[in-house]
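Beneath this line is the structure, given in structure tokens, with notes to follow.
Keep in mind the model is a prediction, meaning the values are calculated, not measured. In each ligand, atom 1 is the first atom listed, and ligand 1 is the first ligand listed.
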Amino acid sequence: MKNERSLVYFLIFSCFLLMSCSQKMESTSFTAMNTYMTVKTYGKNAKSAAAANQLVKQEVERLEKIFSTTIEDSEVYRINNSVPDNNGFSTISVMPETTYLIEKSLELYKLTNGAFNPALYPVIKEWGFTTGDYKIPSKEKISQLLEFSDFSKIEISEKLMSAPPLDSILKADHDKALSSTASIITKPIGMQLDFGAIGKGFAGDRAIAVLREAGAKSGLLDFGGNIQVLGTKPDGSDWTVGIKNPWGGQPVAAVKLRDACMITSGGYERFFIGEDEKKYIHIFDSKTGRPVENDLESVTIICREGIYGDALSTSLFVMGLDKAIDFWQQRGRDFDFVIITKDRGLVYSASLENSISLLFDFDSVRLFE
Ligand code: AMP
Ligand code: MG
């Protein structure tokens, strides 16, 4: 009897191994959203995995054409260059994707008390971050442009229910369904949007949905600092992904993930050195209209939804260490974080304890429960 049962277990285990070994991995790289992106998908065969990767590439390129601030016929470009009426408001009809991103951004703007603010574009542009023609604007210019940055003034004035909802176009397996329809928005004169802090997270969520739709069970997206994984590796083990060393060199930590995203915002990603010899980074404080200056090198968020992780990595960077930890506690610890400080310190949420391995000699390591 005992032998029979062992044999059954052995056969099940062998089948499982055989199935996992028979999965073929295909990797595809491309550049979109100003980022070198790689998609690795396991499929029944190389052809199906490669086909799934192509679908992801197409979806990301499609989204880039909607959300780009610089492509002249993108929807965001159209919003940013719309002509206001006599009352100082412009009315624009937008696709479900843009409606969803605006709705989600309004939620996150409130949730983070404005740390996340997609209406900072006029300010960010003035500092030269869109063109690379960097400069430190005058205080007057900054205050003048900040007048346009109250994102709560944007409104979704009408939902166009005749258009198909977003989740019927592409199903996503999220706790909150990505449901939205086309809509008409109104925005005050001068307001300009930039979804640079969540666009890649959203694209990652869509990409995972595309992989699922294509029948894939296992895959990894590397969209620059944004990692999103579908399922586990084919053998059932977790994916292991590294957190970048802000000072260069090998990753400082490795984190195990399954069905999750790990998204980093770092001051080292894009910055310029001003005439005053100071470093000005691409992450902005919406209260001051200036690049954030604090004691953080990077903020990594680990959670289920890419759009949430992307918005929060930027927001917690803006908040700084103490407020970031307060925020995490107020949110009921519904995400994990790994923060690297300028004084070679590491701070992370204690629930990562079993999934993180440190690979760097930090001067201090602190865990928060
Ligand atoms: P990330 O790399 O995800 O942290 O996003 C940074 C990008 O988001 C910048 O390059 C800007 O385009 C934009 N951005 C900068 N500061 C903010 C902010 N406080 N809220 C929202 N978007 C921002
Ligand atoms: Mg972000």
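- With a 4.0 Å cut-off on non-hydrogen atoms, A115 touches ligand 1 through its backbone and not its side chain.
- Comment: E61 does not engage K65 in a salt bridge, judged by the lack of any side-chain N to carboxylate O separation of less than 4.0 angstrom.
- At most 12 non-hydrogen atoms from other residues, nucleotides or ligands lie less than 6.0 angstrom from NZ of K323.
- Between Y308 and F335, the ring planes are perpendicular. Angles over 60° get that label, and only those under 30° would be called parallel.
- Annotation: protein N, O or S atoms under 2.8 Å of the Mg ion (ligand 2) (waters excluded) comprise A197 O, D310 O, D310 OD1, T314 OG1.
- Contacts between I263 and ligand 1, counted as non-hydrogen atom pairs separated by less than 4.0 Å, are absent for every part of the residue.
- For A197, a nitrogen or oxygen atom sits less than 3.5 Å from a nitrogen or oxygen atom of ligand 1, counting backbone and side chain alike.
- Between W127 and Y280, the ring-plane angle classifies as tilted under the 30° and 60° cut-offs.
- Residue-level proximity to ligand 1 for R270 is carried by the side chain, the only part with a heavy atom below 4.0 angstrom.
- With a 6.0 Å radius and a threshold of 12 heavy atoms from other residues, nucleotides or ligands, K110 has its NZ atom at or below the threshold.
- A distance below 6.0 Å separates the ring centres of F337 and W328.
- Salt bridge absent: R366 and D343 never bring a charged side-chain N and a carboxylate O closer than 4.0 Å.
- With a heavy-atom cut-off of 4.0 Å, L120 touches ligand 1 through its side chain alone.
- Ligand-side atoms of ligand 1 in range of I124: 11 (C), 14 (N), 15 (C), range being under 4.0 angstrom from any heavy atom.
- Remark: ligand 1 and D194 share an N or O pair separated by less than 3.5 Å (distance only, no angle test).
- For the pair V318 and ligand 1, the shortest N or O to N or O distance does not fall below 3.5 Å.
- Of all atoms in ligand 1, numbered sequentially from 1 with element shown, those under 4.0 Å from a heavy atom of S265 are 1 (P), 3 (O), 4 (O).
- Residue N34 qualifies as open at atom CG: its count of foreign heavy atoms under 6.0 Å is 12 or below.
- The six-membered or imidazole ring of F129 lies near that of F272, with a centre-to-centre distance under 6.0 Å.
- Linking ILVMFWY residues whenever their side-chain heavy atoms come closer than 4.5 Å, directly or via other members, leaves Y268 and I124 in distinct clusters.
- The closest protein non-hydrogen atom to atom 9 (C) of ligand 1 is H282 O, 3.4 Å.
- The pair E126-K135 counts as a salt bridge, with a side-chain nitrogen and a carboxylate oxygen less than 4.0 angstrom apart.
- Residue nearest to atom 19 (N) of ligand 1, selected from F284, F129, F195: F284 (by heavy-atom distance).
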